[in-house]
Amino acid sequence: MSKLKIAVQKSGRLNDESIDLLKSCGIHIDNGKDQLKASASNFPLDVLYLRNGDIPQYVEDGVADIAIVGENLLEETENDIETVRQLGFSKCKLSLAVPKEVDYPGVEFFEGKKIATSYPNTLKKFLAKNKVNADIHVIKGSVEIAPNIGLAEGICDLVSSGSTLFKNGLKETDLILKSQAVLVKNKNLTVEQEELLDTLLFRLDAVQKGKKSKYALMNVPNDKIEQVIQLLPGMRSPTVLPLAEEGWSSVHTVIGEGEFWEIIDQLKAAGAEGILIVPIEKMVL
Ligand SMILES: Nc1ncnc2c1ncn2[C@@H]1O[C@H](COP(=O)(O)OP(=O)(O)OP(=O)(O)O)[C@@H](O)[C@H]1O
Ligand SMILES: O=P(O)(O)OC[C@H]1O[C@H](OP(=O)(O)OP(=O)(O)O)[C@H](O)[C@@H]1O
Ligand SMILES: [Mg+2]
């Protein structure tokens, strides 16, 4: 029988959420800590735990069929693989930064200067596009320390909260790219593997849609139901159920995560009470 092999980061930023995502798709993985390969017990899927930086090449070579990596890594390695879904976690930016006391004139600041980074290829492309010649110094980690120890005048590294920059007395100057975790695939999957991937994507989409929506319930006097329904977006039309108390109904609907805050005041003004907003685990339209 055909199987899919998925590569996920062995340990690090992407590991937990990658495994959680598979679990939320109903896939049970025996996640023994020292195992580098595990099989799902209820889906034809093998999980390979690998170093993040090695994953794109493994997918191109077909050692893994699919994988979860950051977009930033794909831009860096330029492997010939295909992105199938953005996954919405591990959001970060790849940015240039300089010591905070520098009076920064623009990217031309870096002309003839030294920049420390773990992303030389992406940086090289960015500098070429901006017609800046700089000396790229590759270091594997703790990049933000470079200006403080006299290794470089600036850095190019990932930023999310900005706290690493702040702690090292640096300020962000130029955004090179935005990144999030993505699901990628080898370009030559068999028909059977494509079918397995479709099954996985169907589950993934249900989980993702569920995350973007909330289930809303509220009590409404019967004579206000029409007014409340007008305010509610819904998958089709809201469900209205009688309450035990005469003259009242319970109105149920699905709303977008952000939409709720926009209509809450209007719902209350229209007569809705006891409003509950609950998470949706999966959603199939
Ligand atoms: N501060 C951050 N905030 C959000 N996402 C991040 C952050 N740092 C890294 N990432 C994302 O997580 C990915 C993995 O980063 P991590 O530092 O865990 O591994 P690594 O050092 O690149 O790889 P290895 O597995 O070889 O140790 C990055 O490629 C990026 O997409
Ligand atoms: O803006 P922040 O929220 O501070 O995050 C940015 C930091 O996170 C990453 O490092 P990580 O913690 O993954 O360490 P690493 O160098 O060991 O990969 C990145 O390389 C930055 O140093
Ligand atoms: Mg890191």
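Heavy atoms only: backbone and side chains are in, while hydrogens, waters and symmetry mates are out. Start at 1 and go down the list; that is how both ligands and their atoms are numbered.
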Check: Gly162 N/O within less than 3.5 Å of ligand 2 N/O:
yes
For atom 19 (O) of ligand 1, the closest protein heavy atom turns out to be Gln9 NE2, 2.9 Å
Can you tell which part of Cys92 has a heavy atom less than 4.0 Å from ligand 2: side chain, backbone, both or neither?
neither
Testing the 3.5 Å rule here: is there a donor-acceptor pair between the side chains of Gln193 and Ser2?
no
For Val69 and Leu14 the tightest heavy-atom approach is CA-CD1, 4.0 Å
Give me the nearest non-hydrogen protein atom to atom 7 (C) of ligand 2 as residue plus atom name, then the distance to 0.1 Å.
Thr164 OG1, 3.6 Å
How about Tyr104 and Asp174: does a side-chain donor come under 3.5 Å of a side-chain acceptor?
yes
Got more than 12 heavy atoms from elsewhere within 6.0 Å of CD, Glu246?
no
Below 3.5 Å, N or O to N or O, backbone or side chain included: is there any such pair between Ser179 and ligand 1?
no
Less than 3.5 Å apart, any donor N or O on the side chain of Ser95 or Glu172 sitting next to an acceptor on the other?
yes
Protein contact to atom 6 (C) of ligand 2 [nearest heavy atom, distance to 0.1 Å]
Leu158 O, 3.3 Å
For Arg13, take its heavy atoms, then give the atoms of ligand 2 lying under 4.0 Å from any of them.
8 (O), 9 (C), 11 (P), 12 (O), 13 (O)
Just let me know how Lys91 lines up against ligand 1, side chain, backbone, both or neither, with a heavy-atom cut-off below 4.0 Å.
backbone
Does any donor atom in the side chain of Glu78 or Asn121 lie under 3.5 Å from an acceptor atom in the other side chain?
yes
Within 4.0 Å of some non-hydrogen atom of Gly12, the atoms of ligand 1 are 18 (O)
Which atoms of ligand 1 are found less than 4.0 Å from any heavy atom of Gly70?
31 (O)
Need the ligand 2 atom indices (1-based, order shown) with element for anything under 4.0 Å from a heavy-atom of Val159.
1 (O)
I need the contact type for Arg13 against ligand 1. Using non-hydrogen atoms and a strict under-4.0 Å cut-off, is it side chain, backbone, both or neither?
both
Nearest protein heavy atom to atom 21 (O) of ligand 1: under 4.0 Å?
no
Can you tell me the protein heavy atom closest to atom 9 (C) of ligand 1 and the distance?
Leu158 CD1, 3.4 Å
Just need the protein heavy atom nearest to atom 3 (N) of ligand 1, so name the residue and atom and give the distance.
Ser160 OG, 2.9 Å
Would you say CD of Glu281 has more than 12 non-hydrogen atoms from neighbouring residues, nucleotides or ligands within 6.0 angstrom?
no
If you look at every heavy atom in Pro99 and Glu153, which pair is closest and at what distance?
CD-O, 3.3 Å
Among all protein heavy atoms, pick the one closest to atom 5 (O) of ligand 2 and tell me residue, atom and distance.
Ser160 OG, 3.5 Å
Which residue supplies the protein heavy atom nearest to atom 16 (O) of ligand 2, what is that atom called, and how far is it?
Ser142 N, 3.7 Å
Can you list the steps and then say if Lys125 with Glu75 is a salt bridge (Lys or Arg N to Asp or Glu O under 4.0 Å)?
CA-CA 10 Å; Lys125 287 185 274 178; Glu75 181 67 31; 2.8 Å; yes
With a 4.5 Å heavy-atom cut-off, do Leu22 and Phe43 have their side chains touching?
no
May I ask you to check whether Arg51 has an N/O atom sitting below 3.5 Å from an N/O atom of ligand 1?
yes
Can Lys185 and Asp65 be said to form a salt bridge (Lys or Arg N to Asp or Glu O under 4.0 Å), step by step?
CA-CA 6 Å; Lys185 69 164 188 173; Asp65 305 308; over 6 Å; no
Show the nearest heavy-atom pair for residues Ile264 and Ile275, with the distance to one decimal.
CD1-CD1, 3.8 Å
In the protein, what heavy atom is nearest to atom 22 (O) of ligand 2, and what distance, to one decimal place, separates them?
Glu144 OE2, 2.7 Å
Taking the six-membered ring of Phe109, is the NZ or CZ of Lys113 close enough (under 6.0 Å from the centre) and on axis enough (within 45°)?
yes
What protein heavy atom is closest to atom 14 (C) of ligand 1, reported as residue, atom name and distance in Å?
Asn52 ND2, 3.5 Å
Looking only at protein heavy atoms, which one is nearest to atom 2 (P) of ligand 2, and what is the separation?
Ser161 OG, 3.3 Å
Would you mind telling me if ligand 1 is within reach of the side chain of Asn72, the backbone, both or neither, using heavy atoms under 4.0 Å?
side chain
Any atoms of ligand 2 less than 4.0 Å from a non-hydrogen atom of Asp157? List them with their elements.
19 (C), 20 (O), 21 (C), 22 (O)
Within a reach of under 6.0 Å around NZ of Lys3, are more than 12 heavy atoms found that belong to other residues, nucleotides or ligands?
yes
Where ligand 1 meets Cys92 - atom numbers and elements under 4.0 angstrom, heavy-atom basis
3 (N), 4 (C), 5 (N), 6 (C)
